[in-house]
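Single-structure report; data block below.
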Amino acid sequence: MTPPTPNSDPEEAADGQSDFVREKVITDNQQGTFAGRVQTRFPPEPNGHLHIGHAKAIALDFAIADEFGGICNLRFDDTNPLTEDHTYAESIVADIKWLGFEPREVHYASDYFDKLYEWAQHLISNGLAYVDDQDGETISAQRGGFGKTGVESPYRDRSIDENLDLFTRMRAGEFPDGTRVLRAKIDMQAENMQLRDPVMYRIRHEHHYRQGDRWPIFPTYDWAHGQGDAIEGVTHSLCTLEFSDHRALYDWFLDNLPLENDQPEQAEFARLELTYTVTSKRRLRGLVDEGVVTGWDDPRMPTLSALRRRGYPPEAIREFCSHIGVARTNSRHAIELLESFVRTRLNAIAQRRMAVLRPVKLVITNWPTDENGDPVVEYREAVNNPEDEADGTRRVPFSGTLYIEQDDFRLEPPPKYYRLAPGREVRLRAGYFVTCTGAVTDDDGNVVEVRCTYDPETAGGNAPDGRKVKATIHWVSATHAVDGEVALYDRLFSSEVPGSQTGDPRDELNPDSLELLTDCKFEPILADTEPGQVVQFERLGYFAHDPREPMLFHRTVGLRDEWANIQKRRQKR
RNA sequence: UCGGGGAUGGUGUAAUUGGCAACACAUCUGGUUCUGGUCCAGACAUUGGGGGUUCAAGUCCUCCUCCCCGAACCA
């Protein structure tokens with residue numbers, strides 16, 4: 001397939017596929033709806049941290065603007081003083097930047113409170129909004145239900161002057177919380193429930209994190225979102241499917257306001273869902289509050305801060321988002337797909353290192369000693385990244401006593417097991433061929449030491465006589481090894497759709513989502529890893545250096561593992 | 001119950017708008033390889049169901065089924 005957009009960055013894998021959003025923008029451009037202008041916005045509420053689902057929306061909003069020469073702003077939809085906070089706003093800004101996007105401008109819905117107030121008065125003056133003195137329960141009951149029409153409020157036909165007066169006094173703080181609301185006067189018979197005189201303002205004597213105590217009344221989402229879009233000059237207001245029914249209301253408000261800009265259009269797309277993952281802010285907060293995870297950035301969380309800490313490259317997330325595309329079909333993507341993008345990216349850029357996570361000693365019985373009787377130490381040249389020659393090589397100390405992975409030795413090898421076993425010859429990566437001559441076991445039968453001889457002719461990894469080995473295993477020199485810890489992560493939930501069994505995802509937590517290995521042996525150069533750097537532990541996977549703990553690595557994602565598949569297959573039989 | 005939206009392999013997204021169902025992931029076969037990684041080659045769907053229009057239907061018409069969203073002074 002040839003990418004029709006030659007200016008697209010190949011790294012982003014923009015395959016130029018069209019979708020309903022892009023088609024709409026193209027149509028609008030052709031018809032001159034916005035005079036060829038394209039402007040989008042990403043509108044988070046600062047009441048939680050961004051997660052992988054937001055990444056899809058962010059990538060879409062920015063991509064649409066970028067592809068059509070438009071702009072994309074960040075706007076905080078901060079209309080609810082009860083839940084919002086600066087710290088969330090700051091983390092959202094940081095996460096978007098990390099993802100690789102830069103908003104042209106940063107706006108706040110709360111900056112529009114004055115304009116909104118003025119526009120509300122405009123609607124009242126036109127007989128399109130009224131103050132309702134009823135409580136929430138009553139209003140809700142009067143709204144009716146699916147297939148049941150609503151009942152009009154007894155306050156619906158107040159005079160414009162009375163409404164104006166009441167609204168002014170609401171704003172002045174004369175009434176207690178919950179005693180009055182401003183409602184749009186639309187249609188209590190509407191089949192679309194959103195149109196049954198929705199609430200525009202509610203009274204809340206609360207401190208707003210940006211507005212302080214200036215406002216005792218706060219606009220609702222519906223009475224702020226489209227207005228913010230219009231004020232900023234947004235053309236295409238992209239949101240998720242659950243807002244589809246709100247579009248009629250979005251349009252109604254805008255239709256009835258004296259707008260200076262073109263009237264923006266809302267379009268909805270399916271949110272991103274992942275298998276084995278929850279992406280509800282409420283549920284994520286629950287996991288944090290209940291101590292199920294260590295925080296919003298616990299590497300098992302789907303938040304961007306967690307993925308960052310875990311070592312996910314932002315490019316991989318962007319490529320994933322671009323690859324899954326955008327549609328109106330509800331879908332849940334396999335987490336494996338995301339992981340495959342992470343592997344692809346990391347394979348290209350990650351430096352290779354050797355680390356032994358579950359060590360067992362390997363002694364080379366014919367390894368030479370020096371004049372003092374000490375084992376000779378050799379420095380082996382190891383390739384840093386076979387995918388990128390420019391990354392060069394490094395020297396790894398090698399001697400007669402090494403650590404290898406417990407998994408890489410079996411006293412009684414099963415079929416198709418290629419690694420070390422008595423009588424078997426394997427290659428030590430970047431080192432020598434070794435042949436197992438036996439093993440020492442403890443009283444319980446556990447292997448405590450593997451004994452081998454090495455072939456000095458195989459230095460560098462190949463035998464002059466051309467004989468082959470079936471396996472190459474990694475190792476760390478015992479006397480040079482640096483001790484450290486590795487956190488192995490698995491999915492937080494054990495079911496593809498967490499909560500599908502009982503309705504509560506917490507019932508389906510994976511008890512093995514974290515395994516901390518505390519006796520790991522690292523090759524010495526790993527002590528110099530930069531905080532946050534991601535390396536490949538050869539044959540194991542990609543691991544991110546913890547930003548704070550110098551000898552702690554988090555498993556980003558494992559390598560594809562054919563041997564694991566073989567074992568899985570055997571188990572099934 | 002009413003309104004809105006949706007249905008294409010195991011999974012997700014495509015299909016020049018009526019013209020040989022493509023791409024990726026997963027899985028399986030084989031090859032290459034100093035990572036059981038990477039890479040390369042191959043295998044894997046008659047498009048939710050019925051009826052219709054047409055030389056030709058995933059695309060159009062019709063009936064049906066199933067799934068998602070909506071009755072917050074949340075967003």
Side-chain angles (χ1 to χ4, degrees), chain A residues 1 13 15 17-19 43-45 47-48 77-80 82-84 132 135-137 139-141 143-150 177-183 190-196 198-204 217-218 220-222 224-225 239-248 268 270 275 281-282 323-334 336-341 343-344 347-348 352 354 382-383 386-387 416-419 427-431 433 458 460-462 469-474 536-541 558-566 569:
Chain A
M1 219 175 255
D15 38 52
Q17 69 191 28
S18 83
D19 52 63
E45 185 187 13
N47 69 343
D77 249 344
D78 53 355
T79 56
N80 186 352
L82 260 22
T83 57
E84 296 155 5
D132 195 330
D135 61 33
E137 221 170 291
I139 291 176
S140 177
R143 220 193 289 278
F146 303 147
K148 277 200 309 249
T149 57
D177 288 7
T179 53
R180 283 182 170 83
V181 290
L182 183 71
R183 288 228 259 170
E191 280 170 333
N192 182 346
M193 300 286 295
Q194 304 302 327
L195 264 21
R196 320 250 259 232
V199 170
M200 295 168 62
Y201 276 98
R202 65 285 212 192
I203 299 173
R204 275 193 187 160
I217 56 171
F218 291 89
T220 57
Y221 164 84
D222 289 299
H225 198 92
C239 63
T240 44
L241 247 28
E242 64 268 30
F243 291 100
S244 298
D245 289 345
H246 293 245
R247 190 173 58 242
E268 313 88 22
T275 54
K281 261 193 228 176
R282 200 185 103 239
H323 182 267
I324 59 175
V326 47
R328 295 179 63 86
T329 315
N330 289 309
S331 57
R332 184 175 296 269
H333 291 261
E336 291 87 351
L337 182 62
L338 207 210
E339 289 173 342
S340 105
F341 277 90
R343 282 196 197 96
T344 300
N347 176 56
R352 312 290 129 120
M354 287 197 285
V383 173
E387 304 294 317
K416 293 210 173 166
Y417 184 85
Y418 298 153
R419 284 107 98 145
R427 173 168 37 232
L428 295 175
R429 171 121 246 223
F433 284 15
T458 56
N462 286 302
V469 287
K470 293 207 87 168
T472 299
I473 65 174
H474 60 277
Q536 183 195 98
F537 291 168
E538 294 227 31
R539 305 208 304 131
L540 298 176
L559 253 27
R560 275 193 60 221
D561 189 346
E562 181 58 23
W563 173 235
N565 280 350
I566 291 170
R569 246 176 283 152

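Protein chains get the first letters and strands the later ones, always in sequence-line order, with residue 1 at the start of each. Atoms considered below: every heavy atom in the structure, side chains included; atoms not considered: hydrogens, waters and symmetry mates.
Taking only side-chain atoms of R202(A), from C-beta outward, the nucleotide of U35(B), C74(B), A26(B) with the closest atom is C74(B). Comparing A26(B), A75(B), C2(B) by their nearest atom to the side chain of S340(A) picks out A26(B). Side chain of A327(A), nearest nucleotide from A14(B), U35(B), A75(B): A14(B). Listed candidates were U35(B), U27(B), A72(B). Nearest to the side chain of R352(A) is U35(B). Taking every side-chain heavy atom of R343(A) into account, A26(B) is the closest of A75(B), U29(B), A26(B). Closest to the T329(A) side chain, of the nucleotides G6(B), G36(B), A71(B), is G6(B). When distances are taken from the side chain of E538(A) to each of G12(B), C74(B), U35(B), the shortest belongs to U35(B). Comparing atom distances between the R560(A) side chain and each of G37(B), G12(B), U35(B) picks out G37(B) as nearest. For E336(A), whose side chain is taken as the heavy atoms from C-beta onward, the closest listed nucleotide among A75(B), C25(B), U27(B) is C25(B). For N565(A), whose side chain is taken as the heavy atoms from C-beta onward, the closest listed nucleotide among G37(B), G5(B), U27(B) is U27(B).
As a whole-Å value, the separation of H225(A) NE2 from C74(B) P is 17 Å. Atom CG in D245(A) sits roughly 17 Å away from atom P in A75(B) (whole-Å rounding). Counting to the nearest Å, the P atom of U35(B) and the CG atom of N347(A) are 12 Å from each other. The CD-C1' distance, from E137(A) to A71(B), rounds to 14 Å in whole Å. Straight-line distance from the NZ atom of K281(A) to the C1' atom of C74(B): 10 Å, rounded to whole Å. Nucleotide G31(B) holds its P atom 13 Å from the CD atom of E562(A), rounded to whole Å. For R247(A) and G3(B), the CZ to C1' distance is 13 Å, given to the nearest whole Å. E387(A) places its CD atom 7 Å from the P atom of C39(B), with the value rounded to the nearest Å.
In this structure, Y201(A) reaches neither bases nor backbone, as no heavy-atom distance under 4.0 Å exists between it and the strands shown. Residue-level contact check: R143(A) touches the backbone only, with heavy atoms under 4.0 Å from sugar-phosphate atoms and none from bases. Using a 4.0 Å heavy-atom distance criterion, H474(A) is classed as making no nucleic acid contact. Base contact: Y417(A) has a heavy atom under 4.0 Å from a base atom. Residue E339(A) is out of contact with every strand shown, counting any heavy-atom pair closer than 4.0 Å.
The six-membered or imidazole ring of Y418(A) lies away from that of W563(A), with a centre-to-centre distance of 6.0 Å or more.
A donor-acceptor contact under 3.5 Å links the side chain of H246(A) to the base of A75(B). R539(A) contributes no side-chain N or O that forms a donor-acceptor pair with the base of G36(B) under 3.5 Å.
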Run I217(A) and R204(A) through side chain to side chain contact (heavy atoms under 4.5 Å, CB included) and show every step you take.
CA-CA 5 Å; I217(A) 56 171; R204(A) 275 193 187 160; over 6 Å; no
Evaluate the criterion side chain to side chain contact (heavy atoms under 4.5 Å, CB included) for residue pair H333(A) and L338(A); output intermediate values, then yes/no.
CA-CA 8 Å; H333(A) 291 261; L338(A) 207 210; over 6 Å; no
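A salt bridge is absent between K416(A) and E562(A); no separation between the charged side-chain nitrogens and carboxylate oxygens falls under 4.0 Å.
A donor-acceptor pair shorter than 3.5 Å can be found between the side chains of N47(A) and E45(A).
U17(B) has its base syn relative to the sugar, with a glycosidic angle deviating from 0 by at most 90°.
The P atoms of A43(B) and A21(B) are separated by 15 Å, rounded to the nearest whole Å.
Remark: T79(A) OG1 to L82(A) CG distance equals 11.0 Å, nearest 0.5 Å.
Heavy-atom distances to RNA chain B give each of T79(A) and P386(A) a nearest nucleotide, and the one nearer the 5′ end belongs to P386(A). Each of I566(A) and L337(A) was matched to the nucleotide of RNA chain B holding its nearest heavy atom; the match closer to the 5' end belongs to L337(A).
In a base pair of the Watson-Crick type (N1 to N3 plus N6-O4 or O6-N4) or a G-U wobble (N1-O2 and O6-N3), with each distance short of 3.5 Å, A7(B) is matched with U65(B).
For A75(B), the base is not stacked against the aromatic ring of Y221(A), per a cut-off of 5.5 Å between centres and 30° between planes. Ring-to-base geometry places F146(A) in a stacked arrangement with G70(B) (centre distance under 5.5 Å, plane angle under 30°).
Using a 4.5 Å heavy-atom cutoff, the side chains of R202(A) and T220(A) are in contact.
Listed pair S140(A) / A72(B) meets the phosphate criterion, a side-chain N or O lying under 4.0 Å from OP1 or OP2.
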